[in-house]
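All values below were derived from every heavy atom in this structure, side-chain atoms included, with hydrogens, water molecules and symmetry-related copies excluded. Note that ligands are numbered from 1 as they come in the structure, with each ligand's atoms numbered from 1 the same way.
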Amino acid sequence: MAEKKEARIGVFVCHCGTNIAGSIDVEAVKEYARTLPNVVHADDYQYVCSTPGQTMITDAIKEHDLTGTVVAACSPRLHEPTFRMATKVGGLNPFRFEMANIREQNSWVHMHDREGATEKAKDAVRIAVAKASLLEDLIPKSVPVEHAAMVVGGGVAGMQAALDLGNAGIKTYLIERSPTIGGRMSQLDKTFPTLDCSQCILTPKMVDVGRNENIELMTYTEVAEVEGYIGNFEITLRKKARGVLTPDEAEARGIVGGGCNGCGDCVEVCPVIKGNEFEFEMAPRKAIYIYHPQVVPNLYTVDFNTCIKCGLCVEACGEKKAIDLEMVDELIKVKVGTAILATGYDLFPIENKTEWGYKKYENVITGLEFERLICASGPTGGHLVRPSDGETPKKVAFVLCAGSRDNTGVGKPYCSRFCCMYSLKHAHQIIEKIPGAQPYLLYMDIRSFGKMYEEFYYRIQDEGAKFIRGRVANILEDPVTKNLHVFTEDTLLQRPIDLEVDMVVLASAVQPTTGADAVRKLFGVSCSQDGWMLEAHPKLNPCGTTTAGVFLAGVCQGPKDIPDTVAQAEGAASAASIPIHRGEVELEPYFAQCNEELCAGCGMCVNLCPYSALALVEKDGRKVMEVTEAKCKGCGTCGGFCPGGAIHMQHFTTPQIVAQIDAFLLGGEQ
Ligand code: FAD
Ligand code: SF4
Ligand code: SF4
Ligand code: SF4
Ligand code: SF4
Ligand code: SF4
Ligand code: SF4
């Protein structure tokens with residue numbers, strides 16, 4: 001064991017341009033640091049994270065024979081790894097570094113109190129020095145990484161991520177809860193701003209996913225349980241009873257040449273008819289069904305909630321013997337190194353905004369219903385008709401920001417980001433398809449921020465769409481004609497408006513899909529206050545999460561259009577593949593350690609650990625607690641609880657914390 005040296009701490013105070021120096025007297029903080037116990041060197045610099053700033057640290061470590069460093073700068077979330085590396089390059093163990101946050105927690109919030117902010121910065125530096133004086137060398141643990149990944153959600157985000165991972169030679173499980181991949185994009189007719197057909201660009205991707213030899217496509221499947229940590233996630237999947245066998249499953253049961261070939265004979269005979277969810281109930285489906293002709297896999301599904309088990313489908317299927325009405329859910333365990341969540345979105349239930357009459361007036365529909373009605377493969381063969389009478393609408397109002405940018409408490413405060421653009425697209429589609437049609441866009445602002453989006457906006461203006469700026473107050477139906485009166489105010493002309501139209505399309509807000517909360521909790525991912533899954537850092541790590549090895553792609557992280565979704569999916573796939581290609585990962589050495597001599601084996605800490613990292617084991621005839629270091633996240637719950645003080649929290653030891661508290665309470669008088 002190396003001989004314990006007297007603490008010799010170096011303090012480096014950052015100006016961050018005027019970010020810190022504008023509100024804090026950096027020179028005074030540096031001079032104060034020089035007076036603190038154990039501090040043998042203190043300096044300041046304009047930008048400590050810059051190369052010269054880091055060199056200043058590495059040089060000082062050597063020159064002053066430092067045992068630890070303190071940087072007073074921004075949040076550790078931003079630059080802790082930078083300064084750990086500088087400390088290491090200087091010849092110290094990288095964990096002999098402590099950061100004092102004097103920017104986010106100080107200069108940025110005390111802009112108008114320079115004196116107070118400077119005193120607070122001195123406190124932060126004093127507390128950090130107290131801890132740094134007691135820091136120990138820590139050795140990170142390396143664990144092997146399973147050469148496999150999982151993607152949860154088979155929309156365009158999940159498909160893209162799975163394809164990238166599969167093409168990089170990584171075994172990838174693509175988990176989709178519905179019977180087919182494709183997500184919302186398969187419900188769209190055309191896509192802005194290029195107006196290319198959604199299915200035409202999506203279907204080849206779906207087929208590629210189905211054919212990729214590294215992708216194991218598991219549709220009608222959900223994640224039931226997640227255990228483990230980066231490199232070694234053990235995931236239990238629930239494969240829901242589909243009632244129909246694939247050719248491979250049939251072969252495994254000894255049915256030669258059997259399994260579903262997608263012939264559809266079963267559908268012809270099934271007596272049960274219900275609404276097709278894919279078509280928003282605007283078309284029927286049977287109890288045995290596929291959503292649309294391009295489904296991948298091309299496999300039928302029995303809806304056991306409505307099936308009356310009459311057996312007619314089994315008869316129609318004949319020798320293929322593809323239908324098993326007694327099938328039950330199956331639990332499957334897989335092991336993966338990393339995971340990507342791509343669970344997408346649902347529409348906000350816009351009927352909650354009762355003033356707009358959705359689900360009350362037949363001719364008020366949502367943007368997604370419009371997509372199905374205008375789509376050639378939709379319930380009306382692409383003829384836009386009014387649900388009330390099947391007539392072609394001529395005057396159509398598009399209500400933008402329906403439920404978005406809404407602080408009334410009923411809607412969502414955020415912008416849903418793609419509804420301006422798809423409403424422009426919808427306006428174009430009716431002008432193109434219906435001679436003499438007049439679209440009205442009732443908007444607050446038009447947000448056409450993407451590449452070629454502004455040009456698309458001008459084009460729709462030129463095509464004759466009318467734009468009325470103002471928030472729609474309410475919509476009322478004429479009970480005889482079923483026409484709708486849209487009451488709004490034109491804020492540019494400053495006059496109230498009663499606009500009579502044949503149909504209203506609500507550009508509804510979007511929200512995280514049902515069940516997204518449960519999935520993210522299984523993977524230990526947080527969410528922002530509006531419910532979207534939370535990225536590790538909005539700018540520096542937009543695909544990562546605070547759970548190592550878990551990444552995000554697509555709208556589950558926040559509303560975004562298809563180009564942004566695909567770009568993020570590619571980023572997430574790349575990030576998820578790095579640990580897998582490396583083959584091993586280093587875990588932060590902040591885990592708990594049990595002093596077996598002090599442990600009474602009471603077992604009370606075991607159930608407190610939120611990460612199942614603790615277990616009682618038999619050793620030398622008595623029970624003691626054992627930590628699985630790779631599972632421990634260093635949260636400190638067990639350390640704070642143990643009545644016998646048997647748990648040592650690395651990097652957050654009791655003496656270190658006590659020294660920090662003393663430094664805070666006693667000021668310079670310790
Ligand atoms: P989704 O498409 O929602 O896919 C998520 C997938 O995850 C689904 O298949 C879902 O079943 C699955 N899933 C969810 N939860 C689970 C779970 N727990 N386990 C397993 N699987 C799960 N964008 C454009 O760029 N151009 C357009 O023209 C355009 N038009 C639009 C029109 C309308 C009316 C709307 C509402 C949106 C439009 N968009 C458009 C936006 C586009 O729909 C999204 O950008 C895109 O669908 C996002 O894809 P995603 O994969 O993130 O999510
Ligand atoms: Fe700004 Fe942090 Fe860099 Fe200093 S270390 S310049 S506070 S970003
Ligand atoms: Fe055809 Fe049988 Fe498949 Fe139905 S289940 S589509 S009848 S093969
Ligand atoms: Fe339809 Fe179920 Fe009868 Fe098959 S058994 S035909 S799925 S109702
Ligand atoms: Fe409103 Fe446009 Fe934002 Fe949608 S994208 S919420 S319509 S501003
Ligand atoms: Fe009990 Fe502490 Fe031992 Fe846990 S570590 S079993 S709480 S004595
Ligand atoms: Fe579990 Fe937290 Fe203790 Fe680690 S520190 S063993 S994660 S309770």
Side-chain angles (χ1 to χ4, degrees), residues 14-17 19-20 45-50 53 71-75 78-79 82-83 102-104 107 152-161 175-178 180-195 198 218-219 221-223 341-347 366-371 416-419 421-423 425-426 450 505 507-508 510 512-516 518-519 553-557 559-566 568-569 592 594-596 598-606 608 614 616 623-625 627 638-639 641-647:
C14 187
H15 293 239
C16 198
N19 270 308
I20 292 173
Y45 194 68
Q46 278 291 325
Y47 300 100
V48 182
C49 56
S50 64
V71 176
C74 45
S75 157
L78 197 61
H79 275 309
T82 315
F83 299 126
I102 60 166
R103 192 179 74 167
E104 285 83 342
S107 62
V152 184
V156 66
M159 289 194 295
Q160 184 64 48
I175 312 304
E176 167 56 52
R177 69 176 171 194
S178 76
T180 174
I181 52 171
R184 294 282 173 208
M185 194 175 161
S186 56
Q187 290 176 306
L188 307 182
D189 178 35
K190 292 184 174 176
T191 55
F192 61 74
T194 44
L195 296 175
S198 188
M218 301 176 81
T219 52
T221 301
E222 286 183 26
V223 178
L341 307 185
T343 50
Y345 69 95
D346 284 340
L347 293 187
T366 66
L368 274 176
E369 287 166 348
F370 181 93
E371 294 281 344
S416 293
R417 291 190 82 222
F418 40 68
C419 13
M421 287 304 295
Y422 76 61
S423 298
K425 172 184 76 176
H426 291 168
V505 182
S508 322
V510 293
T513 190
T514 324
V519 184
V555 179
C556 70
Q557 181 256 343
K560 52 182 74 67
D561 57 22
I562 296 164
D564 285 358
T565 293
V566 172
Q568 194 187 24
C594 177
N595 181 338
E596 290 173 7
L598 294 179
C599 175
C602 68
M604 288 162 80
C605 57
V606 175
L608 290 178
L614 299 175
L616 271 186
K623 287 205 156 109
V624 289
M625 198 270 293
V627 186
C638 59
F641 168 77
C642 176
I647 295 171

Any idea which heavy atoms bring [X] and [Y] closest together, and the distance?
X    : Y    : value
G601 : L616 : O-CD1, 3.7 Å
K425 : F192 : CD-N, 3.7 Å
K560 : V555 : O-CG2, 3.4 Å
V606 : L614 : CG1-O, 3.5 Å
T513 : T343 : CG2-O, 3.1 Å
D564 : D561 : N-OD1, 3.1 Å

For [atom], which candidate among [options] holds the nearest heavy atom?
atom                    : options                : result
atom 4 (Fe) of ligand 6 : C605, G645, G603, G644 : C605
atom 44 (C) of ligand 1 : Q160, E176, K560, M185 : K560
atom 30 (N) of ligand 1 : R417, E222, K425       : K425
atom 2 (O) of ligand 1  : Q568, H426, R184       : R184

Interatomic spacing from [atom1] in [X] to [atom2] in [Y] - rounded to 0.5 Å:
X    : Y    : atom1 : atom2 : value
T219 : I175 : OG1   : CD1   : 9.5 Å
F418 : R184 : CZ    : CZ    : 9.5 Å
H79  : C14  : NE2   : SG    : 8.5 Å
I102 : I20  : CD1   : CD1   : 4.0 Å
T221 : E176 : OG1   : CD    : 9.0 Å
Q160 : Q568 : CD    : CD    : 12.0 Å

Any N/O of I562 closer than 3.5 Å to an N/O of ligand 1?
yes

Indicate yes or no: does an N/O atom of A157 lie under 3.5 Å from an N/O atom of ligand 1?
yes

Suppose we measure from [atom] to each protein heavy atom; which comes out shortest, and what is that distance?
atom                    : value
atom 48 (C) of ligand 1 : V555 CG2, 3.5 Å
atom 3 (Fe) of ligand 2 : C49 SG, 2.3 Å
atom 36 (C) of ligand 1 : Y345 OH, 3.5 Å
atom 6 (C) of ligand 1  : G155 N, 3.4 Å
atom 53 (O) of ligand 1 : G344 CA, 3.3 Å
atom 7 (O) of ligand 1  : G153 CA, 3.2 Å
atom 26 (N) of ligand 1 : F192 CE2, 3.2 Å
atom 21 (N) of ligand 1 : R177 N, 3.2 Å
atom 1 (Fe) of ligand 6 : C602 SG, 2.3 Å
atom 8 (S) of ligand 6  : A600 N, 3.3 Å
atom 2 (Fe) of ligand 2 : C74 SG, 2.3 Å
atom 6 (S) of ligand 2  : C14 SG, 3.4 Å
atom 49 (O) of ligand 1 : V156 CG1, 3.5 Å

May I ask you to list the atoms of ligand 2 that are less than 4.0 angstrom from any heavy atom of [X]?
X    : answer
R103 : 1 (Fe), 8 (S)
Y47  : 6 (S)
H79  : 2 (Fe), 3 (Fe), 5 (S), 8 (S)

Would R103 and S75 count as a side chain to side chain contact (heavy atoms under 4.5 Å, CB included) here? Give the steps.
CA-CA 7 Å; R103 192 179 74 167; S75 157; over 6 Å; no

Under 4.0 Å from ligand 2, counting heavy atoms only, is it the side chain of F83, its backbone, both or neither?
side chain

Taking D346 for its side chain and T514 for its backbone only, find out whether a donor-acceptor pair lies under 3.5 Å.
yes

Are the side chain of S416 and the backbone of C419 linked by a donor-acceptor contact shorter than 3.5 Å?
no

Please identify which atoms of ligand 1 are closer than 4.0 Å to at least one heavy atom of [X].
X    : result
V152 : 19 (N), 20 (C)
K190 : 28 (O)
G367 : 34 (C)
A342 : 5 (C), 6 (C), 7 (O)
T513 : 14 (C), 15 (N)
L368 : 34 (C), 36 (C)
G554 : 52 (O)
G183 : 2 (O), 4 (O), 8 (C), 9 (O)

Decide, counting backbone as well as side-chain atoms, whether C594 has an N, O or S atom less than 2.8 Å from atom 2 (Fe) of ligand 6.
no

List ligand 6 atoms under 4.0 Å from I647, heavy atoms only on the residue side.
5 (S)

In terms of atom number and element, which parts of ligand 6 are under 4.0 angstrom from non-hydrogen atoms of C599?
3 (Fe), 5 (S), 6 (S), 8 (S)

Step by step, work out the side chain to side chain contact (heavy atoms under 4.5 Å, CB included) result for L188 and L368.
CA-CA 7 Å; L188 307 182; L368 274 176; 3.9 Å; yes

Could you tell me whether L188 approaches ligand 1 through its side chain, its backbone, both or neither, with non-hydrogen atoms closer than 4.0 Å?
side chain

Below a 4.0 angstrom heavy-atom separation, can you tell me which part of T343, side chain or backbone, both or neither, approaches ligand 1?
both

Steps toward side chain to side chain contact (heavy atoms under 4.5 Å, CB included) verdict (C605, C642)
CA-CA 7 Å; C605 57; C642 176; 5.8 Å; no

Is it true that S198 and D189 share a donor-acceptor pair across their side chains at a distance under 3.5 Å?
no

Got a sec: is C16 within less than 2.8 Å of atom 1 (Fe) of ligand 2 via an N/O/S atom?
yes

Backbone, side chain, both or neither: what part of L598 comes under 4.0 angstrom of ligand 6, heavy atoms only?
neither

Side-chain contact test, heavy atoms from C-beta onward, threshold under 4.5 Å: evaluate it for Q187 versus E371 and give yes or no.
no

